[in-house]
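First up is the structure itself, then whatever we jot down about it.
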Amino acid sequence: MVAGPLTAPPTASRSPRSSGSTGPGGIRRWVPWAFIAPNLIGLFVFTLVPVFAGLAISFTNWNVVSGLGGIQYAGVTNFTNLFSDVEFWRALARTVFYAGMGVTLSIGFGLLLALALNQPVIGRGLLRAVFFVPSMVNAVAIGMVWLLVLHPTSGLLNRGLQVLGIDHPPGWLVSDTWALPALVLIHVWATVGYTAVIYLAALQDMPQDLYEAAMVDGAGVWRRFATVTWPGLMPTTTFLAITSLIGTSQGFGLIAFLTQGGPGDSSTTVLAYYMYQNGFQFYRFGYAAAMGVVTFVGVLVLTLLMWRYQRGRGLYT
């Protein structure tokens, strides 16, 4: 008997797409990219391009009225002029006061409010929603409400102060002295609810066994707060401080609507509004862009310092 020719065993046909073009679960590798493409495109078009364009413009002298042909390279002239600009330093001081007081008071009162709402209070869910609403309201709507409250003659606040016997209450938004503190007050009112809700979520996620151990050791209320609650809230506090600092340092809407940088000698002109004035009123786009770069670097340094400070100080870091 003669054996037939030896033949190789059949092999399964391998699709050219089976391994190289598919990921786990047989999903095409381009599918995840398709889902995140809109976000990446938005990040590129509306964030990265403006950032690098602003950085490039900061090294030029450009009056936007003259069009793109009027762009002239100026080197670091805008930055040297910026550091010798007295109004820039005044605006920086106002920004430090506005952001520093606004962030500190918002976090402080937000924490107190969260601690109160963390107790067995009737209607806690409703109260949480009520306090959170101002953080979702448009700046113009907030400004309209506070114009009624802080009007120097017919405002609700000054009427109440007159009833209490104060014959000459502050002028608030029309006073050189009180305009900036009034804006801080409005900012705190608008943001304290958001801060409280974030803190409340962190408090409700705290490990209860740590509190029980502290109580067994005889720790009082303040001791439990200092050794358990505050270290546990350190990452949340850092997150709120960083995001609030970024938002407050860019504060523009309320100031533009309520005071337009005034009253008087630019008493509420912070960096964001001074940048707007130079760019869109005086058409000094290069100078305004240089101011934006300096502001960005300053906020970045403060953010890194806060992040570095909280490392190792919390329960979870």
Side-chain angles (χ1 to χ4, degrees), residues 43 46-48 50-55 57-58 78-79 82-83 85-110 134-140 142-143 146 173 179-195 198 236-262 266-281 284-285 287-310:
L43 175 67
F46 298 108
T47 301
L48 296 181
V51 166
F52 287 106
L55 180 61
I57 293 173
S58 66
N78 288 323
F79 294 95
L82 190 65
F83 289 109
D85 184 358
V86 176
E87 286 302 319
F88 167 77
W89 292 107
R90 292 176 179 173
L92 177 61
R94 298 186 196 104
T95 303
V96 170
F97 176 83
Y98 179 64
M101 293 297 296
V103 172
T104 302
L105 293 176
S106 179
I107 289 179
F109 285 113
S135 64
M136 301 185 297
V137 178
N138 184 271
V140 175
I142 293 175
W146 281 95
L173 296 174
L180 196 57
L183 289 172
V184 173
L185 170 67
I186 297 172
H187 170 79
V188 172
W189 176 86
T191 58
V192 70
Y194 168 81
T195 304
I198 299 299
T236 305
T237 304
T238 303
F239 165 77
L240 288 171
I242 291 174
T243 54
S244 299
L245 174 65
I246 295 173
T248 309
S249 64
Q250 298 173 347
F252 174 79
L254 283 175
I255 294 174
F257 180 77
L258 292 174
T259 63
Q260 292 82 46
S266 304
S267 56
T268 60
T269 301
V270 295
L271 280 178
Y273 196 80
Y274 189 51
M275 197 184 313
Y276 160 77
Q277 286 180 322
N278 279 275
F280 295 96
Q281 292 183 358
R284 302 170 64 189
F285 268 66
Y287 194 65
M291 202 179 307
V293 171
V294 172
T295 304
F296 170 77
V297 173
V299 172
L300 178 61
V301 170
L302 289 176
T303 299
L304 294 176
L305 289 176
M306 286 189 292
W307 185 261
R308 179 66 183 87
Y309 174 79
Q310 67 91 30

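In this chain, numbering begins with 1 at the start of the sequence shown.
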Once you round to the nearest 0.5 Å, how far does [atom1] of [X] lie from [atom2] of [Y]?
X	Y	atom1	atom2	result
Tyr274	Thr95	OH	OG1	12.0 Å
Phe252	Phe257	CZ	CZ	12.5 Å
Ile198	Ile107	CD1	CD1	11.5 Å
Thr237	Met306	OG1	CE	11.5 Å
Asp85	Met291	CG	CE	6.5 Å
Tyr287	Asn278	OH	CG	6.5 Å

Please report the shortest heavy-atom distance between [X] and [Y], naming the atom on each side.
X	Y	result
Leu173	Ala182	CD2-CB, 3.9 Å
Ser106	Thr195	OG-OG1, 3.2 Å
Gly261	Thr268	C-OG1, 3.0 Å
Phe88	Val294	CZ-CG1, 4.1 Å
Gly262	Ala179	O-CB, 4.4 Å
Ala272	Ser249	CB-O, 4.2 Å

Between [X] and [Y], is any pair of side-chain heavy atoms under 4.5 Å apart?
X	Y	answer
Leu82	Asn78	no
Ile186	Leu258	yes
Tyr98	Leu183	yes

Please check this pair: side chain of [X] against backbone of [Y], looking for a donor-acceptor N/O pair closer than 3.5 Å.
X	Y	value
Thr248	Ala99	no
Ser135	Ala190	no
Thr238	Gln310	no
Thr243	Leu240	yes

Enclosure of [X] [atom1] (heavy-atom neighbours >12, cutoff 6.0 Å):
X	atom1	answer
Phe109	CZ	no
Phe83	CZ	yes
Phe79	CZ	yes
Phe280	CZ	no

Going by side-chain contact (heavy atoms from CB on, under 4.5 Å), Ser244 matches just one of Thr104, Thr191, Val103. Which one?
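Of the listed options, the one satisfying the test is Val103.
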Partners passing side chain to side chain donor-acceptor pair (under 3.5 Å) against Arg94 (at least two apart in sequence or in another chain):
none
So Trp189 and Trp146, would you call those rings parallel, tilted or perpendicular, with 30° and 60° as cut-offs?
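Rings of Trp189 and Trp146: perpendicular, as their planes differ by over 60°.
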Decide yes or no on side-chain contact (heavy atoms from CB on, under 4.5 Å) for Leu305 and Val301, but give the supporting numbers first.
CA-CA 6 Å; Leu305 289 176; Val301 170; 4.1 Å; yes
